[in-house]
Peer 1: 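Below is a structure I'd like to ask you about.
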Amino acid sequence: MTTTPQHKIGSGFGARSTAQEVVRGIDLTGKLAVVTGGYSGLGLETTRTLAGAGAQVVVPARRPAAAREALTGIDGVEVDELDLSDLDIVRGFAERFLASGRGIDLMINNAGIMACPETRLGPGWEAQFATNHLGHYALVNRLWPAIARGGARVVSVSSNGHQLSDIHWDDVHLEHGYDKWQAYGQAKTANALFAVQLDALGRDVGVRAFSLHPGVILTELGRHVPKEEMIAAGWIDADGHPLDPGIKTPAQGAATHVWAATSPQLAGMGGVYCEDCDIAEPLGEGEGELTSGVRAYATDPGQAARLWKLSAELTGVDAFAANA
């Protein structure tokens, strides 16, 4: 089995490239994209860009009315209900979509939560792991017939926050001591590992998967982080203005989403973590210091397969179980 090297390919784009720039010259007419959370922040910018390039975009939304309002004026977009924290609602959305008989060409798992207070879902699952990872895991597996039919690219939105934590294999729901940033880091590591294993499982039918760090962008994702904490971290000043020169605009933040989903430079590739509209460089072992690059534990095939097995056991869903 061939794998894609975790090294830059010299895409010609960078941290300041915008979503519009990376899709320039790419015609998505006749393509169907699914963008979770595609009605706010980076998701909205991603939806606008893909639709502008000709794609039909399905936006599954926890707040459908708010989504329709936010997407007013963008042609080629449809909204349906989806709450990633509720697997029954995930199943309902997938069944409705599959009943339409359409294939999926681009699947962008963008929706997520960050650094929220300790919250338990369903059988006691930790909310960030359950929403950011398990919800998307179940969604992709339930949509697999449409994803396979389209030979889709699946993009899993991770973060350099993955560097905060490996998977807590002995306590994946952090029942023995909750830390919101450890929980976020674990969820983002899971997003990266998901792409590694999905790529390994799907490449024989033409499905390729990527994960990515979009950059630091001040969006609604940070709604659970107190202003005082943002000031202490050097993100903003007392008036709420950005201080970090590396902070991106939403158009720049969505660029890696769009590049990973559409770029012909990635043809025949997959299973890698991207940032700044290129494949990222690997980092050594360690946790806790946020920098560019990807930790080895977030791209490890053995860990990816282990997480897939655990996710299948937790959710009761595995599109590949017959092939195991």
Side-chain angles (χ1 to χ4, degrees), residues 19-20 22-40 42-62 64 67-68 70-84 89-111 135-157 194-195 198-199 201-212 254-270 319:
Q20 294 285 351
V22 301
V23 82
R24 188 172 294 143
I26 297 175
D27 184 3
L28 299 180
T29 302
K31 303 288 187 183
L32 187 139
V34 176
V35 183
T36 66
Y39 61 102
S40 66
L42 304 188
L44 175 58
E45 193 67 33
T46 299
T47 296
R48 182 183 291 117
T49 302
L50 296 177
Q56 177 74 16
V57 185
V58 177
V59 178
R62 188 170 53 83
R68 291 187 181 95
L71 295 165
T72 299
I74 304 176
D75 294 332
V77 177
E78 61 189 84
V79 173
D80 199 346
E81 182 185 8
L82 175 70
D83 184 341
L84 290 164
I89 295 176
V90 171
R91 183 179 67 243
F93 167 78
E95 289 173 349
R96 289 191 299 277
F97 185 88
L98 292 176
S100 75
R102 296 178 292 179
I104 295 172
D105 300 287
L106 313 171
M107 175 95 201
I108 301 181
N109 297 335
N110 164 80
H136 279 122
Y137 167 88
L139 178 64
V140 167
N141 275 272
R142 290 201 179 278
L143 288 174
W144 182 250
I147 290 169
R149 185 183 311 131
R153 272 198 206 174
V154 180
V155 177
S156 181
V157 179
F194 169 79
L198 181 65
D199 189 75
L201 293 169
R203 67 183 63 164
D204 286 347
V205 295
V207 174
R208 304 309 300 260
F210 301 86
S211 66
L212 63 90
T256 306
H257 290 48
V258 174
W259 181 77
T262 66
S263 176
Q265 295 173 311
L266 294 171
M269 305 175 79

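Because the structure is a prediction, the values reported are computed rather than measured. Atoms considered below: every heavy atom in the structure, side chains included; atoms not considered: hydrogens, waters and symmetry mates.
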Peer 1: By the side-chain hydrogen bond (donor to acceptor under 3.5 Å, both in side chains) test, which pairs, at least two apart or in different chains, include something from residues 257-270?
Peer 2: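 Only Asn110-His257, Trp259-Ser263, Trp259-Gln265, Ser263-Gln265 qualify under side-chain hydrogen bond (donor to acceptor under 3.5 Å, both in side chains).
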
Peer 1: Under 4.0 Å between a Lys/Arg side-chain N and an Asp/Glu carboxylate O for Asp199 and Arg208?
Peer 2: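 The answer is yes: the pair qualifies as a salt bridge.
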
Peer 1: If we ignore hydrogens and angles and just use 3.5 Å, is the side chain of Arg153 paired with the main-chain N or O of Ala260 as donor and acceptor?
Peer 2: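 Side chain of Arg153 to backbone of Ala260, a donor-acceptor pair under 3.5 Å: yes, one is there.
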
Peer 1: Sequence neighbours left out, what passes ring-ring contact (aromatic ring centres under 6.0 Å, His included) with Tyr137? Give chain and number order.
Peer 2: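 Counting only residues at least two positions away or on another chain, Tyr137 forms a ring-ring contact (aromatic ring centres under 6.0 Å, His included) with Trp308.
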
Peer 1: Where do Ala111 and Leu84 come nearest, in terms of heavy atoms and distance?
Peer 2: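 Between these two residues, the closest heavy atoms are CB-CD1, 3.8 Å.
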
Peer 1: Trp144: what forms a side-chain hydrogen bond (donor to acceptor under 3.5 Å, both in side chains) with it, not counting sequence neighbours?
Peer 2: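 Here no residue qualifies.
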
Peer 1: For a quick test of reading the model, state the closest non-hydrogen atom pair linking Ala53 to Val23 and the distance between them.
Peer 2: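 The answer is CB-CG2, 4.0 Å.
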
Peer 1: Could you walk me through whether Phe93 and Asp83 pass the side chain to side chain contact (heavy atoms under 4.5 Å, CB included) check?
Peer 2: CA-CA 9 Å; Phe93 167 78; Asp83 184 341; over 6 Å; no

Peer 1: Using salt bridge (Lys or Arg N to Asp or Glu O under 4.0 Å) as the criterion, list what pairs up with Glu81, not counting sequence neighbours.
Peer 2: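 With sequence neighbours excluded, Glu81 shows a salt bridge (Lys or Arg N to Asp or Glu O under 4.0 Å) to no residue whatsoever.
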
Peer 1: The criterion is salt bridge (Lys or Arg N to Asp or Glu O under 4.0 Å); which residues satisfy it with Arg96, sequence neighbours excluded?
Peer 2: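 Salt bridge (Lys or Arg N to Asp or Glu O under 4.0 Å) list for Arg96, sorted by chain: Asp80.
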
Peer 1: Taking the side chain as every heavy atom from C-beta outward, state whether Leu139 and Leu82 have any pair of such atoms under 4.5 Å apart.
Peer 2: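 Yes, side chains in contact.
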
Peer 1: Could you list the residues that satisfy side chain to side chain contact (heavy atoms under 4.5 Å, CB included) with Asp27, not counting sequence neighbours?
Peer 2: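 Counting only residues at least two positions away or on another chain, Asp27 forms a side chain to side chain contact (heavy atoms under 4.5 Å, CB included) with Thr29.
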
Peer 1: What pairs of residues pass the salt bridge (Lys or Arg N to Asp or Glu O under 4.0 Å) test when at least one of them lies in residues 137-146, not counting sequence neighbours?
Peer 2: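 For residues 137-146: none.
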
Peer 1: Is the closest side-chain heavy-atom distance between Val34 and Ile108 below 4.5 Å?
Peer 2: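 They are not in contact (no side-chain heavy atoms under 4.5 Å apart), so the answer is no.
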
Peer 1: Listed by chain and number, what are the side chain to side chain contact (heavy atoms under 4.5 Å, CB included) partners of Asp105, not counting sequence neighbours?
Peer 2: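 Asp105: side chain to side chain contact (heavy atoms under 4.5 Å, CB included) contacts with Lys31, Leu32.
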
Peer 1: Mind checking what makes side-chain hydrogen bond (donor to acceptor under 3.5 Å, both in side chains) contact with Thr36, not counting sequence neighbours?
Peer 2: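 side-chain hydrogen bond (donor to acceptor under 3.5 Å, both in side chains) list for Thr36, sorted by chain: His136.
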
Peer 1: Does the side chain of Val58 reach to within under 4.5 Å of the side chain of Ile104, using non-hydrogen atoms?
Peer 2: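 No, too far: nothing below the 4.5 Å cut-off.
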
Peer 1: Under the salt bridge (Lys or Arg N to Asp or Glu O under 4.0 Å) test, which residues partner Arg68, sequence neighbours left out?
Peer 2: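 Here no residue qualifies.
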
Peer 1: Using a 3.5 Å distance criterion without hydrogens, assess whether the side chain of Ser156 forms a donor-acceptor pair with backbone atoms of Ala195.
Peer 2: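 Answer holds: no.
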
Peer 1: With sequence neighbours left out, what residues match Ile74 under side chain to side chain contact (heavy atoms under 4.5 Å, CB included)?
Peer 2: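 By the side chain to side chain contact (heavy atoms under 4.5 Å, CB included) rule, Ile74 matches Leu44, Arg48, Ala51, Leu71, Val77.
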
Peer 1: Would you give the length of the straight line joining atom OG1 of Thr49 to atom CZ of Arg24, rounded to the nearest 0.5 angstrom?
Peer 2: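 Those atoms lie 11.0 Å apart.
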
Peer 1: Would you please name every residue forming a side chain to side chain contact (heavy atoms under 4.5 Å, CB included) with Glu95, sequence neighbours left out?
Peer 2: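 Arg91.
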
Peer 1: Can you check whether Asn109 reaches Val157 side chain to side chain, under 4.5 Å on heavy atoms?
Peer 2: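 No - every pair of side-chain heavy atoms lies 4.5 Å or more apart.
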
Peer 1: How about Val79 and Tyr39: do any of their side-chain heavy atoms sit closer than 4.5 Å?
Peer 2: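 Side chain of Val79 against side chain of Tyr39, heavy atoms only: no contact under 4.5 Å found.
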
